[in-house]
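Excluded from the calculations below are hydrogen atoms, water molecules and symmetry mates; all remaining heavy atoms, backbone and side chain alike, are included.
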Amino acid sequence: MTRPRPGRGAGRPTRGAPARERAEQIQLATYRISEAAHTVPTLQELFRAIHGIVGELMPATNFYIALHDPARDVISFPYFVDDYDPPQPPKRPARGLTEYVLRTGVSLLADEEIHRELERRGEADLIGAPSIQWLGVPLKSAGATFGVLAIQTYTAGVRYAQAEKRVLEFVSTQIAMAIERKQAEVALRESEARLARAQEAAHLGSWELDLTNLDDVHQNPLWWSDEVYRIFGYVPGAVPVSTELLFRAVPSEDGERIRQAIARAVAEGVPYDIRHRVLRPDGTDRIVEERSTLVRDASGRPVRMVGTVLDVTERQRLEEQFLQSQKMEAVGRLAGGVAHDFNNLLTAIIGSADLLRERLGADHPERMEAEEIRQAAMRAADLTRQLLAFSRQQVLSLRVLDLNTIVLGMDKILHRVIGEDIEFRTLLAQDLDPVQADPGQLEQVLMNLAVNARDAMPRGGKLTIETTNATCDAGYADAHAPITPGRYVVLAVTDTGTGMDERTKAHVFEPFFTTKGKGKGTGLGLSTVYGIVKQFGGFVWVYSEPGHGSVFKIYLPRVDGPPAAAHREPWAAVAPRGVETVLVVEDQAEVRRLSQKVLEGRGYRVLVADHGTDALRLAQAYGGPIDILVTDVVMPGMSGREVGLALTARRPGLKVLYVSGYADQSIVHHGVLEPGLAFLQKPFTADALARKVREVLDTTPASASA
């Protein structure tokens, strides 16, 4: 304590007021404190109101409220008004007058003499600017002190007596109740806000259905949390919630299921657990899961249902995509296996038909039958190629290329394919980035999409092919699954045809699925597109509505570097011949015999083996030179690649030609042939085998392990 400081004004003296008037003032003050606790929205506003009310009862210019948090053992000063000291930060309890009241739970009116006595006894220290008088009362709840309300004066003309102390003690009870009430309200609001934020983040809302009227459950009051409003497509609180609104927002068949589920939950006590659609006012729909608990009164009577609504739209879409991916993968493995076996058979049929045609001559009366056999086998070979494309087991020859060049190069043939009753136009971006793809396979994609569009417009229409660059961010990718974020070149094929419903779209890329009449389609066109694009590392996205046409968008990853120059294999009118020695390794007897006949018929010396071990043994026993190894890739025991590596190690300079019906991991990585390897795809014609053998023999030596 110290001398009075000059220049400080005095408050109103209160001792002269009549007792009755004073009692009425105090009673009114407690009422106003209680009213403030119910009306003001925040603790700070409550503290300001308390300060003003206390200030009308006694001088209270310098006023603060201190609150103690026992869990952290920290004293905070949420409201602090003082002429000399600035607002105090939270602190650990020390030995000040505030801590004395907190510790003892007893009010304290301290002047300089009392303060010195407390200091002498070690019960209080001077903290902050010294005051003439300090008056503090405890704020209690259930008998425990949780805070202190304090006033102090720095002016000699303003003094406190026991009367002020008793008044402050009297109103402190109401103040403590008001603070506790407002703290609980604030904590509840914060908890509700945290819950609302968590519900919004999790797309999980809560609801409550009153069961007062068990005779007609659906007329009972219903409550929704804000997130339920958002899931159903409404602004929170914008429309009154009712069971009528609920059933208006779901399809009729789902509404009936919900009614039955609620009735069973109430009547039998079974869990209410249902998944249904929600039709939003903006025309979009969501998939939700609802679960609830039945609340009963003391007699066991149901009084309400309390439940949750979880938006599972994205989860269900991911589940459907995963299941569809699994199904497509399984069908792809099956298709690849079937194509592999068929390719061996078709190789023998096509090759034998070629040899038969050569022997019969152009004017032979039976040559036509041989030609029919060959044409039928070639059509079957086209089907197996499409199956391999879908199963992503083709061997690709990737090049950096300009997609616009592919589109322009097919302009004439596309005009012929789609017919004159369809208006055809192209919109090609001028600054299109390059992509890495197999040009032949890309042409197949474009052709299949154009044919599909043509068939969707039996009475004519418009077909538009567009190219553009696109950068897909995370938001766009989420809305166009299964596309992933990245930089793409987009090929869009749009028609004005019949369009597709959601069910058809779900199956459109499955092999053998077709909406065309019997005999009018194989159902492999779009599955081929799907497989080729996936093998390029791209994506296919479809938008279609019945009666409004379809848009197929092909997203191919953009690459750096200039497009490669177009390259065409040289073509000789007469199949080339040779005199070199060829070792043919093939486990399929019919293909082995065919290869031997074709090559021997063109002048080559041919050695044959039916598996890898036999080939190594034959090569070791044969004393002469072997110029080229023609080996199947997939064989029991040793693979063709293993045979090639073993023989080139023993016979440097040996050329190797790999033959297979589909892409194999031993020579192909992600569908792309290893650099330096020669490859011939089954099924092949007799001429194709002869030309490829001659081509490999005429190249400079390359290691089979390149």
Legend entry - Nearest non-hydrogen partners of Leu697 and Lys655, listed with the distance: O-NZ, 3.1 Å
Inset, instruction - Indicate the atoms forming the closest heavy-atom contact of Leu463 with Ala453, along with that distance. - result: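 Nearest heavy atoms, Leu463 then Ala453: CD1-CB, 3.6 Å.
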Applying side-chain hydrogen bond (donor to acceptor under 3.5 Å, both in side chains), can you list everything that pairs with [X], at least two apart in sequence or on another chain?
{"X": "Thr494", "result": "none"}
{"X": "Arg694", "result": "Glu580, Tyr604, Asp698"}
{"X": "Asn404", "result": "Thr467"}

Inset, instruction - May I have the step-by-step check of side chain to side chain contact (heavy atoms under 4.5 Å, CB included) for Leu442 and Leu556, ending in yes or no? - result: CA-CA 11 Å; Leu442 208 48; Leu556 299 176; 4.0 Å; yes
Could you tell me whether the side chain of [Y] reaches within less than 4.5 Å of the side chain of [X], counting heavy atoms only?
{"X": "Val585", "Y": "Val630", "answer": "no"}
{"X": "Ile554", "Y": "Val529", "answer": "yes"}
{"X": "Ile422", "Y": "Arg454", "answer": "yes"}
{"X": "Leu491", "Y": "Ile465", "answer": "yes"}

Inset, instruction - Just jot down the ring-ring contact (aromatic ring centres under 6.0 Å, His included) partners of Tyr555, sequence neighbours excluded, or say none. - result: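 Once residues adjacent in sequence are excluded, the partners of Tyr555 under the ring-ring contact (aromatic ring centres under 6.0 Å, His included) criterion are Tyr488.
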Could you pull out all residues at least two apart from [X] that satisfy side chain to side chain contact (heavy atoms under 4.5 Å, CB included)?
{"X": "Thr468", "value": "Val490"}
{"X": "Ala589", "value": "Arg592, Arg593"}
{"X": "Lys597", "value": "Leu355"}

Legend entry - Under the salt bridge (Lys or Arg N to Asp or Glu O under 4.0 Å) test, residues paired with Glu466 that sit two or more places apart: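 For Glu466 there are no salt bridge (Lys or Arg N to Asp or Glu O under 4.0 Å) partners, ignoring immediate neighbours.
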Legend entry - For Glu590, all residues meeting salt bridge (Lys or Arg N to Asp or Glu O under 4.0 Å), sequence neighbours excluded: none
What pairs of donor and acceptor atoms, side-chain ones from residues 405-421 against any protein atom, are under 3.5 angstrom apart with sequence neighbours left out?
unit_1: Asp411; atom_1: OD2; unit_2: His415; atom_2: ND1; d: 3.4
unit_1: His415; atom_1: ND1; unit_2: Asp411; atom_2: O; d: 3.0

Inset, instruction - Determine, stepwise, if the pair Thr631 / Tyr658 fulfils side chain to side chain contact (heavy atoms under 4.5 Å, CB included). - result: CA-CA 5 Å; Thr631 178; Tyr658 292 104; 3.7 Å; yes
Inset, instruction - Start with the C-alpha distance between Asp687 and Thr685, add both sets of side-chain angles, then the distance that settles side chain to side chain donor-acceptor pair (under 3.5 Å), and finish with yes or no. - result: CA-CA 5 Å; Asp687 273 1; Thr685 65; 5.9 Å; no
Tell me which donor-acceptor pairs under 3.5 Å the side chains of residues 610-626 have, and how far apart each pair is, sequence neighbours excluded?
unit_1: His611; atom_1: ND1; unit_2: Thr613; atom_2: N; d: 3.4
unit_1: His611; atom_1: ND1; unit_2: Asp614; atom_2: N; d: 3.1
unit_1: Tyr622; atom_1: OH; unit_2: Arg605; atom_2: NE; d: 2.9

Inset, instruction - Show your working on side chain to side chain contact (heavy atoms under 4.5 Å, CB included) between Leu526 and Leu449 and close with a plain yes or no. - result: CA-CA 7 Å; Leu526 291 178; Leu449 290 175; 3.8 Å; yes
Inset, instruction - Could you go through the side chain to side chain contact (heavy atoms under 4.5 Å, CB included) check for Val659 and Lys692 one step at a time? - result: CA-CA 11 Å; Val659 181; Lys692 195 67 179 180; over 6 Å; no
Inset, instruction - With Ile628 as reference, evaluate Leu599, Leu583, Val582, Thr581 under the side chain to side chain contact (heavy atoms under 4.5 Å, CB included) test and give the passing residue. - result: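 When Leu599, Leu583, Val582, Thr581 are each tested with Ile628, the side chain to side chain contact (heavy atoms under 4.5 Å, CB included) holds only for Val582.
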Let me check something: any side-chain donor-acceptor pairs from residues 425-436 under 3.5 Å, sequence neighbours excluded? List them with distances.
unit_1: Arg425; atom_1: NE; unit_2: Thr464; atom_2: OG1; d: 3.3
unit_1: Gln430; atom_1: NE2; unit_2: Leu428; atom_2: O; d: 3.4
unit_1: Asp433; atom_1: OD2; unit_2: Arg558; atom_2: NH1; d: 2.6

